[in-house]
Amino acid sequence: MTDPQKTAALIRARAGDEPVRLGLILGSGLGHLAHAVDGPAIPYADLPGFPHVGVSGHNPHLHIGLLEGVRIAVFGAREHYYENGNPAAMRGALATLKALGAERLILTNAAGSLRPDIPPGDLMLLSDHINYNGLNPLIGEKTDARFVPMTDAHSPGLRAALRAAAAAEGIALKEGVYAWYSGPSFETPAEIRLLKTLGADAVGMSTVPEVILARFLGLEVAAISTVTNMAAGMSDERISHEHTKAMAPLGAAKLERILRRFLSTQG
Ligand code: HPA
């Protein structure tokens, strides 16, 4: 594996030595916020250990600099499991974030909703998740650190801060359980009924392996979904990647306000 310390040194040479406080991974259609960061945008291709991302609607650059007074690393894109079958695709990038000094990570994604009271355009803070794939990014890890506890994996402290930021902005932030489905095909209506029975409130193709990796690395983590559609079989609208990209901006503006407010309280 690439040495994250070496990649961190490359980044420091371009973005400065000051430690990064927080990482932020942007999901489908949410890339806008990356450009608000006051600092360089480094292509993933220049960073050993970073993923090769090929999904349209993603921006494969690491933006490092100040946002609302906090030194932040914004990941404009992620590699999903469905791209190359690697659940640990984000390990090098997240290990590098840790090597840059960060202790906290916020993940965002686009998701389908299983709850009629969380319609498209709404935001859902993840209270917990279901690793419905049974895949794990730590398979093959040889140290005992692989036995990561996942109780309160979604940080109660970070969640409280995000809830407070949403309330201060007057934005409804729902809360629920996210199920990770491998993709890239969408779910069948029968699979969505199954996931509902299992206790899921939203479904998507990312985030869960990153939460596991974050906890493995000792990063405090929280995640917010932008609901782009009702899950398969729950409405008449046709589900597609085009639709996901078209709908993501509905929630993205609200998400940006929550994140900016959250950052402004981190000083
Ligand atoms: N299913 C899985 N992933 C998604 C969906 C969905 O309905 N919408 C956006 N990402």
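By convention here, the first residue in the shown sequence is residue 1. Just so you know, ligand 1 is whichever comes first in the structure, and atom 1 is the first atom listed for that ligand. This is a predicted model, so every value here is computed, not measured.
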Identify, by atom number and element, the atoms of ligand 1 in contact range of Ala110, meaning under 4.0 Å from any of its heavy atoms. 9 (C), 10 (N)

With side-chain contact (heavy atoms from CB on, under 4.5 Å) as the test, pick out the partner of Leu263 among Ile106, Leu67, Leu66. Leu67

Rounded distance [0.5 Å steps], CZ in Arg104 versus CG in Leu158: 4.5 Å

Which ligand 1 atoms are under 4.0 Å away from a heavy-atom of Asn229? 5 (C), 6 (C), 7 (O), 8 (N), 9 (C)

Test of understanding: given a 4.0 Å heavy-atom threshold, classify the contact between Ala111 and ligand 1 as side chain, backbone, both, or neither. backbone

Tell me which protein heavy atom sits closest to atom 3 (N) of ligand 1, plus the residue, atom name and distance to 0.1 Å. Gly204 CA, 3.4 Å

Exactly one of Val177, Thr207, Leu107, Asp201 clears side-chain contact (heavy atoms from CB on, under 4.5 Å) with Leu126, and that residue is Thr207

Among the heavy atoms of Tyr181, does any lie under 4.0 Å from an atom of ligand 1? no

Close side-chain approach of Gln266 to Leu22, heavy-atom, < 4.5 Å: no

Does a side chain donor of either Asn84 or Glu79 reach within less than 3.5 Å of an acceptor in the other side chain? yes

With atoms numbered from 1 as shown, which atoms in ligand 1 lie under 4.0 angstrom from a non-hydrogen atom of Thr228? 8 (N), 9 (C)

Heavy-atom nearest neighbour in the protein, as seen from atom 1 (N) of ligand 1, with distance rounded to 0.1 Å: Glu187 OE1, 2.8 Å

protein heavy-atom neighbour closest to atom 5 (C) of ligand 1 works out as Gly112 N, 3.4 Å

Aromatic plane relationship, Tyr44 with Phe50 - under 30° parallel, 30 to 60° tilted, over 60° perpendicular: perpendicular

